[in-house]
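On a predicted model such as this, the values are computed, not experimentally measured, just so you know.
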Amino acid sequence: MPQGSSHRPHQVAVIVDEGTNPFEVGVATELFGLPRPELGLPGPLYEVTLCAPAPEIRMNHGFFTLTGVRGLDAVDRADTLVVPGRPDNVVPRAPAVLDAIRRAHARGTRVMSFCTGTFALAEAGLLDGRPAATHWRWADSFRRLHPKVLLEPDVLFVDEGDLLTAAGSAAALDLGLHVWRRDHGAEIANHVSRRLVFATHRDGGQRQFVERPVPDVRDESLAPLLEWAQERLGEPLTVADLAARARVSPATLHRRFRAQLGTTPLAWLTGERVALACRLIERGEERLDVVAARSGLGTAANLRNRLRRVTGLSPSAYRRRFGAGAGEALVT
(Lines give C-alpha, C1' and ligand atoms only; values in the text may rest on other atoms or scores of the structure.)
Protein backbone atom coordinates (compact mmCIF):
# COMPACT_ATOMS: atom_id res chain seq x y z
CA MET A 1 0.00 0.00 0.00
CA PRO A 2 1.22 3.51 -0.69
CA GLN A 3 2.39 5.43 2.34
CA GLY A 4 1.01 8.76 3.34
CA SER A 5 2.84 11.90 2.25
CA SER A 6 2.71 15.62 2.82
CA HIS A 7 0.82 15.92 -0.49
CA ARG A 8 -1.91 13.37 0.16
CA PRO A 9 -2.48 11.66 3.50
CA HIS A 10 -3.25 7.95 3.38
CA GLN A 11 -7.05 7.76 3.43
CA VAL A 12 -8.58 5.50 6.11
CA ALA A 13 -12.31 4.77 6.01
CA VAL A 14 -13.98 3.20 9.06
CA ILE A 15 -17.33 1.46 8.52
CA VAL A 16 -19.78 1.96 11.40
CA ASP A 17 -22.57 -0.60 11.12
CA GLU A 18 -25.63 -1.18 13.30
CA GLY A 19 -24.34 -2.45 16.66
CA THR A 20 -20.67 -1.63 16.06
CA ASN A 21 -18.49 -1.52 19.18
CA PRO A 22 -17.63 2.13 20.02
CA PHE A 23 -14.27 1.19 21.51
CA GLU A 24 -12.94 -0.17 18.23
CA VAL A 25 -14.13 2.90 16.34
CA GLY A 26 -12.23 4.91 18.95
CA VAL A 27 -9.13 2.76 18.41
CA ALA A 28 -9.21 3.48 14.67
CA THR A 29 -9.58 7.23 15.17
CA GLU A 30 -6.95 7.29 17.94
CA LEU A 31 -4.46 5.43 15.76
CA PHE A 32 -5.03 7.13 12.44
CA GLY A 33 -7.12 10.26 13.00
CA LEU A 34 -5.16 12.38 15.49
CA PRO A 35 -2.70 15.13 14.56
CA ARG A 36 0.84 14.13 15.53
CA PRO A 37 2.99 17.25 15.85
CA GLU A 38 5.56 15.22 17.80
CA LEU A 39 6.62 13.59 14.50
CA GLY A 40 7.75 16.94 13.14
CA LEU A 41 6.24 16.31 9.71
CA PRO A 42 4.71 18.95 7.42
CA GLY A 43 1.33 17.25 7.35
CA PRO A 44 -0.66 14.22 8.57
CA LEU A 45 0.26 10.75 7.40
CA TYR A 46 -3.29 9.42 7.70
CA GLU A 47 -6.75 10.94 7.41
CA VAL A 48 -9.83 9.16 8.85
CA THR A 49 -13.38 9.21 7.53
CA LEU A 50 -16.23 7.51 9.42
CA CYS A 51 -18.92 6.14 7.12
CA ALA A 52 -22.17 4.26 7.66
CA PRO A 53 -24.99 2.63 5.67
CA ALA A 54 -27.60 5.02 7.11
CA PRO A 55 -27.70 8.67 8.27
CA GLU A 56 -28.27 7.54 11.87
CA ILE A 57 -26.61 4.41 13.32
CA ARG A 58 -27.18 2.94 16.78
CA MET A 59 -23.95 1.50 18.12
CA ASN A 60 -23.50 -1.39 20.55
CA HIS A 61 -26.54 -1.77 22.87
CA GLY A 62 -27.68 1.74 21.97
CA PHE A 63 -24.99 3.35 24.14
CA PHE A 64 -24.23 5.75 21.29
CA THR A 65 -26.05 6.93 18.20
CA LEU A 66 -23.83 8.16 15.42
CA THR A 67 -25.07 10.87 13.08
CA GLY A 68 -23.60 13.25 10.55
CA VAL A 69 -21.06 10.83 9.02
CA ARG A 70 -20.40 10.04 5.38
CA GLY A 71 -22.23 7.40 3.40
CA LEU A 72 -20.58 4.20 2.24
CA ASP A 73 -19.39 5.92 -0.94
CA ALA A 74 -16.45 7.11 1.20
CA VAL A 75 -15.11 3.55 1.02
CA ASP A 76 -14.48 4.01 -2.70
CA ARG A 77 -11.81 6.65 -2.03
CA ALA A 78 -10.05 4.83 0.81
CA ASP A 79 -6.54 3.42 0.79
CA THR A 80 -7.31 1.40 3.93
CA LEU A 81 -10.71 0.22 5.14
CA VAL A 82 -11.25 -0.61 8.82
CA VAL A 83 -14.18 -2.85 9.82
CA PRO A 84 -14.75 -2.85 13.61
CA GLY A 85 -16.58 -5.68 15.35
CA ARG A 86 -20.01 -6.04 16.90
CA PRO A 87 -21.37 -8.61 19.38
CA ASP A 88 -24.29 -10.01 17.31
CA ASN A 89 -22.19 -12.02 14.89
CA VAL A 90 -24.87 -14.47 13.79
CA VAL A 91 -27.02 -11.62 12.45
CA PRO A 92 -26.15 -11.01 8.79
CA ARG A 93 -24.53 -7.71 7.90
CA ALA A 94 -26.42 -5.22 5.79
CA PRO A 95 -25.97 -6.03 2.07
CA ALA A 96 -24.75 -2.47 1.46
CA VAL A 97 -21.97 -2.95 4.03
CA LEU A 98 -20.86 -6.25 2.49
CA ASP A 99 -20.95 -4.73 -0.99
CA ALA A 100 -18.79 -1.83 0.20
CA ILE A 101 -16.23 -4.22 1.69
CA ARG A 102 -16.12 -6.28 -1.52
CA ARG A 103 -15.78 -3.14 -3.66
CA ALA A 104 -12.93 -1.85 -1.55
CA HIS A 105 -11.01 -5.11 -1.72
CA ALA A 106 -11.60 -5.46 -5.46
CA ARG A 107 -10.08 -2.04 -6.14
CA GLY A 108 -6.95 -2.84 -4.11
CA THR A 109 -7.84 -1.19 -0.82
CA ARG A 110 -6.12 -2.65 2.24
CA VAL A 111 -8.89 -4.10 4.42
CA MET A 112 -8.51 -4.46 8.20
CA SER A 113 -10.93 -5.91 10.72
CA PHE A 114 -10.90 -5.43 14.49
CA CYS A 115 -12.10 -8.22 16.79
CA THR A 116 -15.31 -9.75 15.39
CA GLY A 117 -15.14 -7.54 12.33
CA THR A 118 -13.53 -10.68 10.88
CA PHE A 119 -17.06 -12.09 10.59
CA ALA A 120 -17.94 -9.28 8.17
CA LEU A 121 -14.87 -9.95 6.02
CA ALA A 122 -15.70 -13.65 5.95
CA GLU A 123 -19.36 -12.96 5.17
CA ALA A 124 -18.22 -10.79 2.27
CA GLY A 125 -16.30 -13.82 0.93
CA LEU A 126 -12.83 -12.32 1.28
CA LEU A 127 -11.30 -14.86 3.66
CA ASP A 128 -12.06 -18.26 2.12
CA GLY A 129 -8.88 -20.32 2.04
CA ARG A 130 -6.92 -17.64 3.88
CA PRO A 131 -5.71 -17.38 7.49
CA ALA A 132 -7.48 -14.96 9.82
CA ALA A 133 -7.82 -14.07 13.49
CA THR A 134 -10.84 -13.27 15.62
CA HIS A 135 -11.66 -13.13 19.33
CA TRP A 136 -11.15 -16.50 21.04
CA ARG A 137 -14.64 -16.32 22.59
CA TRP A 138 -16.29 -16.54 19.15
CA ALA A 139 -13.84 -18.96 17.52
CA ASP A 140 -16.23 -21.94 17.55
CA SER A 141 -19.08 -19.85 16.16
CA PHE A 142 -16.81 -18.48 13.46
CA ARG A 143 -15.75 -21.99 12.39
CA ARG A 144 -19.37 -23.12 12.12
CA LEU A 145 -20.37 -20.11 10.03
CA HIS A 146 -17.23 -19.88 7.90
CA PRO A 147 -15.59 -23.32 7.64
CA LYS A 148 -13.53 -22.37 4.57
CA VAL A 149 -11.54 -19.73 6.46
CA LEU A 150 -8.24 -20.87 7.99
CA LEU A 151 -8.92 -19.50 11.46
CA GLU A 152 -5.89 -19.04 13.72
CA PRO A 153 -7.65 -18.99 17.08
CA ASP A 154 -4.74 -18.20 19.39
CA VAL A 155 -2.89 -15.25 17.82
CA LEU A 156 -3.19 -11.49 18.27
CA PHE A 157 -3.47 -10.63 14.59
CA VAL A 158 -2.85 -11.92 11.09
CA ASP A 159 -1.29 -9.82 8.33
CA GLU A 160 -2.01 -11.22 4.88
CA GLY A 161 -0.90 -8.08 3.07
CA ASP A 162 -4.21 -6.94 1.62
CA LEU A 163 -6.28 -8.43 4.46
CA LEU A 164 -5.43 -7.89 8.12
CA THR A 165 -7.45 -9.25 11.04
CA ALA A 166 -7.08 -8.49 14.76
CA ALA A 167 -8.25 -10.90 17.43
CA GLY A 168 -9.78 -8.50 19.95
CA SER A 169 -10.27 -4.89 20.94
CA ALA A 170 -6.83 -4.52 22.54
CA ALA A 171 -5.28 -6.53 19.71
CA ALA A 172 -6.65 -3.84 17.39
CA LEU A 173 -4.05 -1.53 18.94
CA ASP A 174 -1.36 -4.12 18.26
CA LEU A 175 -2.47 -4.41 14.65
CA GLY A 176 -2.71 -0.64 14.23
CA LEU A 177 0.84 -0.14 15.51
CA HIS A 178 1.96 -2.97 13.24
CA VAL A 179 0.47 -1.01 10.31
CA TRP A 180 2.27 2.16 11.41
CA ARG A 181 5.50 0.15 11.53
CA ARG A 182 4.81 -1.46 8.17
CA ASP A 183 3.95 1.86 6.51
CA HIS A 184 6.47 4.19 8.17
CA GLY A 185 9.07 2.15 10.06
CA ALA A 186 9.88 1.29 13.67
CA GLU A 187 11.04 4.77 14.71
CA ILE A 188 7.75 6.50 13.89
CA ALA A 189 5.73 3.57 15.27
CA ASN A 190 7.64 3.97 18.54
CA HIS A 191 6.56 7.63 18.77
CA VAL A 192 2.93 6.61 18.24
CA SER A 193 3.09 3.82 20.83
CA ARG A 194 4.67 6.13 23.41
CA ARG A 195 1.82 8.60 22.98
CA LEU A 196 -0.63 5.73 23.44
CA VAL A 197 1.36 4.50 26.46
CA PHE A 198 1.10 1.06 24.89
CA ALA A 199 3.58 -1.71 24.13
CA THR A 200 5.57 -0.78 21.04
CA HIS A 201 5.56 -4.25 19.55
CA ARG A 202 3.71 -7.44 20.34
CA ASP A 203 4.16 -9.92 17.55
CA GLY A 204 0.97 -11.12 15.88
CA GLY A 205 1.80 -14.72 16.75
CA GLN A 206 1.62 -14.15 20.50
CA ARG A 207 -1.21 -15.75 22.40
CA GLN A 208 -4.53 -13.92 22.75
CA PHE A 209 -5.45 -15.19 26.16
CA VAL A 210 -2.68 -14.56 28.67
CA GLU A 211 -3.34 -16.08 32.06
CA ARG A 212 -2.24 -13.94 35.00
CA PRO A 213 -2.35 -16.09 38.15
CA VAL A 214 -2.11 -14.39 41.54
CA PRO A 215 1.63 -14.40 42.33
CA ASP A 216 3.02 -16.15 45.39
CA VAL A 217 5.17 -13.10 46.12
CA ARG A 218 4.21 -9.44 46.16
CA ASP A 219 5.89 -8.43 42.88
CA GLU A 220 6.84 -10.72 40.02
CA SER A 221 6.63 -8.03 37.37
CA LEU A 222 9.03 -8.53 34.49
CA ALA A 223 9.29 -4.78 33.86
CA PRO A 224 12.63 -4.22 35.66
CA LEU A 225 14.17 -7.22 33.89
CA LEU A 226 12.90 -6.10 30.48
CA GLU A 227 14.29 -2.60 31.00
CA TRP A 228 17.65 -4.04 32.08
CA ALA A 229 17.80 -6.30 29.02
CA GLN A 230 16.76 -3.55 26.58
CA GLU A 231 19.78 -1.52 27.68
CA ARG A 232 22.09 -4.47 26.89
CA LEU A 233 20.77 -5.89 23.63
CA GLY A 234 24.19 -5.62 21.99
CA GLU A 235 25.71 -7.88 24.62
CA PRO A 236 25.66 -11.68 24.28
CA LEU A 237 22.61 -12.06 26.52
CA THR A 238 21.05 -15.50 26.83
CA VAL A 239 17.93 -16.80 28.52
CA ALA A 240 20.18 -18.09 31.27
CA ASP A 241 21.52 -14.55 31.77
CA LEU A 242 17.97 -13.21 32.05
CA ALA A 243 17.08 -15.91 34.56
CA ALA A 244 20.18 -15.17 36.62
CA ARG A 245 19.36 -11.47 36.64
CA ALA A 246 15.81 -12.25 37.81
CA ARG A 247 17.19 -14.74 40.36
CA VAL A 248 14.97 -17.55 39.15
CA SER A 249 15.51 -20.73 37.18
CA PRO A 250 15.17 -20.64 33.38
CA ALA A 251 12.01 -22.77 33.71
CA THR A 252 10.44 -20.29 36.13
CA LEU A 253 11.41 -17.38 33.88
CA HIS A 254 9.81 -19.15 30.93
CA ARG A 255 6.56 -19.58 32.89
CA ARG A 256 6.54 -15.90 33.89
CA PHE A 257 7.11 -14.74 30.30
CA ARG A 258 4.28 -16.97 29.13
CA ALA A 259 1.97 -15.71 31.87
CA GLN A 260 2.77 -12.00 31.60
CA LEU A 261 3.72 -11.53 27.94
CA GLY A 262 2.30 -14.54 26.14
CA THR A 263 5.68 -15.38 24.60
CA THR A 264 9.01 -16.99 25.48
CA PRO A 265 12.12 -15.21 26.78
CA LEU A 266 14.05 -16.10 23.63
CA ALA A 267 11.31 -14.89 21.30
CA TRP A 268 11.01 -11.62 23.24
CA LEU A 269 14.78 -11.08 23.18
CA THR A 270 14.98 -11.76 19.45
CA GLY A 271 12.05 -9.43 18.75
CA GLU A 272 13.67 -6.60 20.72
CA ARG A 273 16.93 -7.09 18.84
CA VAL A 274 15.18 -6.96 15.47
CA ALA A 275 13.34 -3.78 16.53
CA LEU A 276 16.66 -2.20 17.54
CA ALA A 277 18.21 -3.23 14.20
CA CYS A 278 15.31 -1.54 12.41
CA ARG A 279 15.85 1.67 14.36
CA LEU A 280 19.59 1.65 13.61
CA ILE A 281 18.93 1.26 9.89
CA GLU A 282 16.33 4.03 9.96
CA ARG A 283 18.79 6.35 11.69
CA GLY A 284 21.29 5.90 8.87
CA GLU A 285 23.67 3.11 9.90
CA GLU A 286 24.81 1.60 6.60
CA ARG A 287 27.08 -1.25 7.70
CA LEU A 288 25.24 -4.51 8.23
CA ASP A 289 27.95 -5.94 10.45
CA VAL A 290 27.68 -2.90 12.74
CA VAL A 291 23.87 -3.14 12.86
CA ALA A 292 24.10 -6.86 13.63
CA ALA A 293 26.67 -6.34 16.39
CA ARG A 294 24.95 -3.38 18.06
CA SER A 295 21.56 -5.10 18.02
CA GLY A 296 22.91 -8.39 19.34
CA LEU A 297 21.97 -10.36 16.21
CA GLY A 298 25.60 -11.31 15.72
CA THR A 299 26.14 -11.66 11.99
CA ALA A 300 24.93 -9.93 8.86
CA ALA A 301 23.47 -13.23 7.68
CA ASN A 302 21.40 -13.61 10.87
CA LEU A 303 20.30 -9.99 10.60
CA ARG A 304 19.10 -10.52 7.03
CA ASN A 305 17.20 -13.67 8.01
CA ARG A 306 15.55 -12.16 11.10
CA LEU A 307 14.64 -8.87 9.44
CA ARG A 308 13.09 -10.59 6.44
CA ARG A 309 11.11 -12.90 8.72
CA VAL A 310 9.67 -9.99 10.73
CA THR A 311 9.24 -7.28 8.08
CA GLY A 312 9.23 -9.21 4.81
CA LEU A 313 12.09 -6.97 3.60
CA SER A 314 15.83 -7.35 3.17
CA PRO A 315 18.00 -4.81 5.05
CA SER A 316 18.61 -2.91 1.80
CA ALA A 317 14.91 -2.82 0.95
CA TYR A 318 14.07 -1.77 4.52
CA ARG A 319 16.55 1.10 4.36
CA ARG A 320 15.30 2.25 0.96
CA ARG A 321 11.77 2.36 2.37
CA PHE A 322 12.36 3.78 5.85
CA GLY A 323 15.95 4.92 6.28
CA ALA A 324 17.88 8.14 5.95
CA GLY A 325 19.56 8.56 2.57
CA ALA A 326 16.94 6.53 0.72
CA GLY A 327 18.18 4.83 -2.39
CA GLU A 328 21.76 4.23 -1.23
CA ALA A 329 22.91 0.63 -0.89
CA LEU A 330 23.85 -0.87 2.45
CA VAL A 331 27.55 -1.59 2.84
CA THR A 332 28.09 -5.25 3.67
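- The shortest non-hydrogen separation linking P153 to W136 is O-CB, 4.2 Å.
- Only one option out of V25, I57, L81 pairs with I15 in a side chain to side chain contact (heavy atoms under 4.5 Å, CB included); it is L81.
- How far CZ of R308 is from OH of Y318: 14.0 Å, rounded to the nearest 0.5 Å.
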Between R232 and D241, does a salt bridge (Lys or Arg N to Asp or Glu O under 4.0 Å) hold up when you go through it step by step? CA-CA 11 Å; R232 295 165 175 79; D241 293 328; over 6 Å; no
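- In this structure, E24 contributes its side chain and G85 its backbone to a donor-acceptor pair below 3.5 Å.
- Taking CD from E123 and CZ from R102, the interatomic distance works out to 8.0 Å, rounded to the nearest 0.5 Å.
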Show, in sequence, the C-alpha distance, side-chain angles and deciding distance for V179 and R110, and conclude whether the side chain to side chain contact (heavy atoms under 4.5 Å, CB included) test is met. CA-CA 11 Å; V179 167; R110 177 171 60 189; 3.5 Å; yes
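- Atom CE of residue M112 and atom OG1 of residue T165 lie 9.5 Å apart, to the nearest 0.5 angstrom.
- A donor-acceptor contact shorter than 3.5 Å is absent between the side chain of E47 and the backbone of P9.
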Please step through side chain to side chain contact (heavy atoms under 4.5 Å, CB included) for the pair L164 and R182, ending with a clear verdict. CA-CA 12 Å; L164 301 91; R182 182 174 125 174; 3.7 Å; yes
Could you please spell out the steps behind the salt bridge (Lys or Arg N to Asp or Glu O under 4.0 Å) verdict for D88 and R86? CA-CA 6 Å; D88 51 346; R86 67 180 198 189; 3.0 Å; yes
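- In this structure, T270 contributes its side chain and A267 its backbone to no donor-acceptor pair below 3.5 Å.
- Taking all atoms of both residues into account, the shortest heavy-atom contact from P87 to N60 is CG-OD1, 3.5 Å.
- For H10 and D183, the side-chain atoms include no donor-acceptor pair closer than 3.5 Å.
- Here the side chain of R130 pairs a donor or acceptor atom with the backbone of E160 at under 3.5 angstrom.
- V290 and L307 fall into different hydrophobic clusters, where Ile, Leu, Val, Met, Phe, Trp and Tyr residues are linked whenever their side-chain heavy atoms come under 4.5 Å apart, directly or through other members.
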For a side chain to side chain contact (heavy atoms under 4.5 Å, CB included) check, start with the C-alpha distance between V69 and V16, then their side-chain angles and the critical distance, and finish with the verdict. CA-CA 9 Å; V69 297; V16 185; 6.0 Å; no
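- Residues H135 and F142 are not in side-chain contact: their nearest non-hydrogen atoms beyond the backbone lie 4.5 Å or more apart.
- Judged purely by distance below 3.5 Å, without hydrogens or angles, the side chains of R255 and T252 pair a donor atom with an acceptor atom.
- Separating the OG1 atom in T65 from the CD atom in E56 is a distance of 5.5 Å, to the nearest 0.5 Å.
- Enclosure of atom CD in E231 by more than 12 non-hydrogen atoms of other residues, nucleotides or ligands within 6.0 angstrom is indicated.
- Put simply, CG on L313 and CZ on R321 are 6.0 Å apart, with the number rounded to the nearest 0.5 Å.
- Between W180 and H184, the angle of the ring planes lies from 30° to 60°, which puts this pair in the tilted group.
- Cluster membership for L66 and F114, using ILVMFWY side-chain heavy atoms within less than 4.5 angstrom, is shared.
- Between R103 and D76, at least one side-chain nitrogen of the basic residue sits less than 4.0 Å from a carboxylate oxygen of the acidic one, meeting the salt-bridge criterion.
- R319 places no side-chain N or O within 3.5 Å of a backbone atom of E285 that could act as its donor or acceptor partner.
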F257 and L225: CA distance, side-chain angles, deciding distance, side chain to side chain contact (heavy atoms under 4.5 Å, CB included) verdict: CA-CA 11 Å; F257 265 77; L225 177 65; 4.2 Å; yes
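- With rounding to the nearest 0.5 Å, the separation of SG in C278 from CZ in R306 is 13.0 Å.
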